Engineer: 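Below you'll find the structure I mean.
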Amino acid sequence: MGKVIDGKAIAGVLQEKMKAQTAYFSMQFGRKPSLAVIMVGEDPASAVYVRNKIRACEAVGINSQSYKLPQDTEASYLIDLIDKLNKDSATDGILVQLPLPSHLDAKKLIPLISSKKDVDGFSAKNIGALMLDDRTGLYSCTPLGIIQLIKSTGINIAGKHAVVVGRSNEVGKPVAMMLLQNHATVTICHSKTESLGDYTRMADILVVAVGKEKLITADMVKEGAVVIDVGINRNAEGKLCGDVDFESVLPKCGFITPVPGGVGPMTIAMLMANTLKAAKRNVQ
Ligand code: NDP
């Protein structure tokens, strides 16, 4: 029987440790580390994510500046706001909650965030830092959390075969690169991959970031594998679920993350860690 990786508990421990660091920062510099969170429109899922991020800031001792902008906000307004926050020395991190309404182009707007304040790690400069193994960069939060969850199992990533399903710029690609940094042999699968199960069955570490309920079933998983389920879906009963058929995979795998309570809380903990890292650099 596999063990469930309690992402919520692991994130809680990390946030507790960060509390001491943010308190020390505040004492040294006379202010808390500060994160600007920009949300445009009323997307209900985004509203939940933003609320959780702001709550985490409160718990860790980070100041949150919340910008809730109307659905019809013009690009020029957002450009000015990002510019103002880039220049504000008391703002350490800037986050624009995605997705943006269709009239706003995230591909044009996100790169306007200073790479030093890009706590989501989405800028070309920060993605480049990851590719170049430059640890001063701010790396993408979800992949950072995934690596910590894998390490929490006690397995040594070096030499293992890691299979990543999904190749997005936010999750699939950066987590593959981080697994490589940790000396795994990495295979990346995507929607055009033929016979997906032939690859996933070879995985010592299986990371699934697709957004399709029950894409991964027990017959697609190697005995004893570490399974990290990134997906967030709603099933027919309206309950949150991942991409992995949890009930059938649990008895076969070595370790598995639940949805909810696995990768999600770790993503937020890593956002807090990135804000603290950006704040320390901002005051240097
Ligand atoms: P994207 O939609 O950007 O990417 C999905 C990827 O899955 C694509 O690379 C796509 O391939 C691939 N894919 C689609 N269908 C299949 C298939 N049948 N077989 C194999 N691969 C397939 O999603 P994200 O990476 O942004 O997010 C993935 C999931 O993770 C979502 O459910 C999202 O909500 C969740 N998520 C959770 C987070 C958390 O904190 N828990 C954070 C971020 C995301 P192709 O490139 O060929 O189209």
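Note that the structure is predicted; figures quoted are calculated from it, not measured. Count residues from 1 along the sequence. Read the numbers this way: they start at 1 and go in the same order the structure lists the ligands and their atoms.
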Engineer: Kindly give the cluster partners of Leu138, where membership spreads through any ILVMFWY side chain lying under 4.5 Å from a current member.
Structural biologist: none
Engineer: Roughly how far, to the nearest 0.5 Å, is CE of Met266 from CG of Leu149?
Structural biologist: 4.5 Å
Engineer: Other residues, nucleotides and ligands only: do more than 12 of their heavy atoms fall within 6.0 Å of NZ on Lys125?
Structural biologist: no
Engineer: Determine whether the side chain, the backbone, both or neither of Thr267 has a heavy atom under 4.0 Å from any heavy atom of ligand 1.
Structural biologist: side chain
Engineer: Counting non-hydrogen protein atoms only, what is the nearest one to atom 8 (C) of ligand 1? Give residue, atom name and distance.
Structural biologist: Arg167 N, 4.0 Å
Engineer: Could you tell me which atoms of ligand 1, counted from 1 in the order shown, lie closer than 4.0 angstrom to a heavy atom of Gly211?
Structural biologist: 29 (C), 31 (C), 32 (O)
Engineer: What part of Asp243 sits under 4.0 Å from ligand 1 if we count only heavy atoms: the side chain, the backbone, both or neither?
Structural biologist: neither
Engineer: If hydrogens are left out, which of Gly172, Ala209, Pro174, Gly7 has an atom nearest to atom 6 (C) of ligand 1, that is, the closest non-hydrogen atom?
Structural biologist: Ala209
Engineer: Quick one about Asn235 and Lys239 (side-chain donor to acceptor, distance below 3.5 Å, no hydrogens or angles considered), yes or no?
Structural biologist: no
Engineer: Taking all non-hydrogen atoms of both residues into account, name the closest pair between Ser140 and Phe122 and its distance.
Structural biologist: OG-CE2, 3.8 Å
Engineer: Starting from atom 1 (P) of ligand 1, find the nearest protein heavy-atom neighbour and note its residue, name and distance.
Structural biologist: Ser168 CB, 4.1 Å
Engineer: Quick check: is Leu85 connected to Ile82 through a chain of hydrophobic side chains (ILVMFWY, heavy atoms under 4.5 Å apart)?
Structural biologist: yes
Engineer: Distance check, rounded to the nearest 0.5 Å: Leu81 atom CG versus Thr73 atom OG1?
Structural biologist: 9.5 Å
Engineer: Tell me, which protein residue and heavy-atom name are nearest atom 42 (C) of ligand 1, and how many Å apart are they?
Structural biologist: Thr142 OG1, 3.3 Å
Engineer: As an exercise, identify every atom of ligand 1 less than 4.0 angstrom from a heavy atom of Gly166.
Structural biologist: 6 (C), 7 (O), 9 (O)
Engineer: Please state which part of Ile232 comes within less than 4.0 Å of ligand 1, counting heavy atoms only: side chain, backbone, both or neither.
Structural biologist: both
Engineer: Return the option from Gly264, Ser191, Pro260 holding the heavy atom at the smallest distance from atom 17 (C) of ligand 1.
Structural biologist: Ser191
Engineer: Could you check atom 44 (C) of ligand 1 against the protein and tell me its nearest heavy-atom contact, residue, atom and distance included?
Structural biologist: Val171 CG2, 4.0 Å
Engineer: Looking at Leu215, which atoms of ligand 1 are within less than 4.0 Å of one of its heavy atoms?
Structural biologist: 18 (N)
Engineer: Please determine, by modelled atom types, if Thr91 and Gln65 share a side-chain donor-acceptor pair under 3.5 angstrom.
Structural biologist: yes
Engineer: Among all protein heavy atoms, pick the one closest to atom 21 (N) of ligand 1 and tell me residue, atom and distance.
Structural biologist: His190 C, 3.2 Å
Engineer: Are any of the side-chain heavy atoms of Leu240 and Ile232 separated by less than 4.5 Å?
Structural biologist: yes
Engineer: Does atom NZ (Lys116) have a neighbourhood of more than 12 heavy atoms from anything else shown, all under 6.0 Å?
Structural biologist: no
Engineer: Which atoms of ligand 1 have any heavy atom of Val165 under 4.0 Å away?
Structural biologist: 20 (C), 21 (N)
Engineer: How far is atom 35 (C) of ligand 1 from its nearest protein heavy atom, and which residue and atom name does that atom have?
Structural biologist: Val230 O, 3.4 Å
Engineer: Where's the contact between Met266 and ligand 1, heavy-atom distance under 4.0 Å: side chain, backbone, both or neither?
Structural biologist: neither
Engineer: Is the backbone N or O of Ser123 less than 3.5 Å from a side-chain atom of Asp118, with the two atoms forming a donor-acceptor pair by type?
Structural biologist: yes
Engineer: Of the protein's non-hydrogen atoms, which lies at the shortest distance from atom 2 (O) of ligand 1, and what is that distance?
Structural biologist: Val210 O, 4.3 Å
Engineer: Around atom 15 (N) of ligand 1, find the nearest protein heavy atom and jot down its residue, atom name and distance.
Structural biologist: Lys212 NZ, 3.0 Å
